[in-house]
Amino acid sequence: DQSKGLLTLLDELGETVEIVFAKRDGDNILFLSTRPDDYSEGTNSLPTDSQLAEPMRRALMGESGWVVGLDYREKTVLAAFEYIDIDFADIQLGLVAKIEMREIRQPFIDAGLVAGAISLVLVLGGAVLFVAISNPLLRNLEESERRYKELFEGVDDAVIVYSLDGRFLDCNLQALKKLGYSRAEFLQMSVIQILRSDNDSLTASVVMKMQYGGHVMLETVHVAKDG
């Protein structure tokens, strides 16, 4: 009954929690586990020079403390170890209380998976919300651009857009037809190149007024490509 009670207590502490006693038996370490089911044939002893059972080897060397290392089953464990010397019975034992590192790490792994899943849901939700909000805006923008193009290209007069330094930025088809240039040629030019020479003096005053937020209405004579 006491043995069953101890096993129940260990199970409550953790699936892989184990308290192990061992003693030297010649050149071997003989293990006395609190979980006898864990032993298969030949696994209840190890040579003292084995690379396994580091906590117990250190305990039987008279040390005490804690360590992360391999136990007798080649499992990586967090273990506390102690040397026990029973003088009146002339018995020297090693005591190890241990738990497998995988059991310690598992809650953090589970929490990380949950956090990752939540983050993924939030990212996907944000993406859906962004699409839901931006789609109408994009449609409105496309519609505005379409109307602007219809107006820009639909008028019978030449329409030319240029920067404050006189470089052409855009024009409609009527401007290209009347001046005789291709769009590629025209967008490499500036206002001064299509003004008749006696209109050159107007350019500086026009640009100055526009720089200060004004608007200008004037008549000029443009020179087509063929002169």
Side-chain angles (χ1 to χ4, degrees), residues 1-139 141:
D1 289 342
Q2 290 179 341
S3 176
K4 289 180 179 178
L6 179 58
L7 289 174
T8 300
L9 175 61
L10 292 177
D11 287 335
E12 291 176 354
L13 291 174
E15 179 186 349
T16 62
V17 171
E18 185 178 6
I19 298 174
V20 183
F21 291 92
K23 66 178 183 179
R24 285 185 179 273
D25 183 18
D27 292 331
N28 293 321
I29 299 172
L30 181 63
F31 292 93
L32 309 170
S33 175
T34 53
R35 296 182 186 270
D37 306 355
D38 292 342
Y39 294 129
S40 57
E41 185 177 352
T43 61
N44 64 334
S45 67
L46 283 173
T48 54
D49 60 355
S50 170
Q51 297 301 309
L52 302 179
E54 180 184 358
M56 186 59 75
R57 284 188 288 107
R58 293 178 64 172
L60 291 174
M61 290 170 61
E63 299 179 22
S64 63
W66 66 273
V67 69
V68 175
L70 294 177
D71 70 356
Y72 61 90
R73 294 173 301 172
E74 299 186 49
K75 303 291 185 182
T76 302
V77 297
L78 172 63
F81 54 90
E82 184 72 36
Y83 176 70
I84 301 174
D85 188 357
I86 307 175
D87 290 333
F88 68 88
D90 193 26
I91 296 176
Q92 292 79 39
L93 296 174
L95 169 64
V96 172
K98 60 191 179 68
I99 181 172
E100 290 185 22
M101 288 299 297
R102 67 174 175 84
E103 186 171 354
I104 296 174
R105 295 190 186 107
Q106 193 59 49
F108 297 98
I109 294 173
D110 292 342
L113 291 174
V114 171
I118 292 173
S119 298
L120 181 59
V121 169
L122 291 175
V123 169
L124 291 176
V128 171
L129 182 61
F130 175 78
V131 170
I133 293 173
S134 62
N135 272 351
L137 296 176
L138 289 174
R139 284 195 294 269
L141 182 61

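Arg102 meets the side chain to side chain donor-acceptor pair (under 3.5 Å) test with Glu100; sequence neighbours excluded. Scanning for side chain to side chain donor-acceptor pair (under 3.5 Å) contacts around Glu54 gives an empty result, with sequence neighbours left out.
Distance check: Leu93 CG to Leu60 CG gives 8.0 Å after rounding to the nearest 0.5 Å. Interatomic distance, CG of Asp49 versus CG of Asn28, reported as 9.0 Å (0.5 Å rounding). Rounding to the nearest 0.5 Å gives a distance of 9.5 Å between CG of Leu46 and CG of Asp71. Annotation: the span from Ser64 atom OG to Leu95 atom CG amounts to 11.0 Å, rounded to 0.5 Å.
Residue Asp27 places its CG atom among 12 or fewer non-hydrogen atoms of other residues, nucleotides or ligands, all under 6.0 Å distant. Remark: Gln51 CD is loosely packed, at most 12 non-hydrogen atoms of other residues, nucleotides or ligands lying under 6.0 Å away.
In plain terms, the two heavy atoms of Ile29 and Ala22 that are nearest each other are CG2-CB, 3.8 Å. Taking both residues in full, the closest heavy atoms of Leu52 and Arg57 are given as O-NE, 2.8 Å, listed atom of the first, atom of the second, then distance. The minimum heavy-atom distance linking Val20 with Met56 is given by the pair O-CE, 3.5 Å.
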Tell me which donor-acceptor pairs under 3.5 Å the side chains of residues 76-84 have, and how far apart each pair is, sequence neighbours excluded?
none

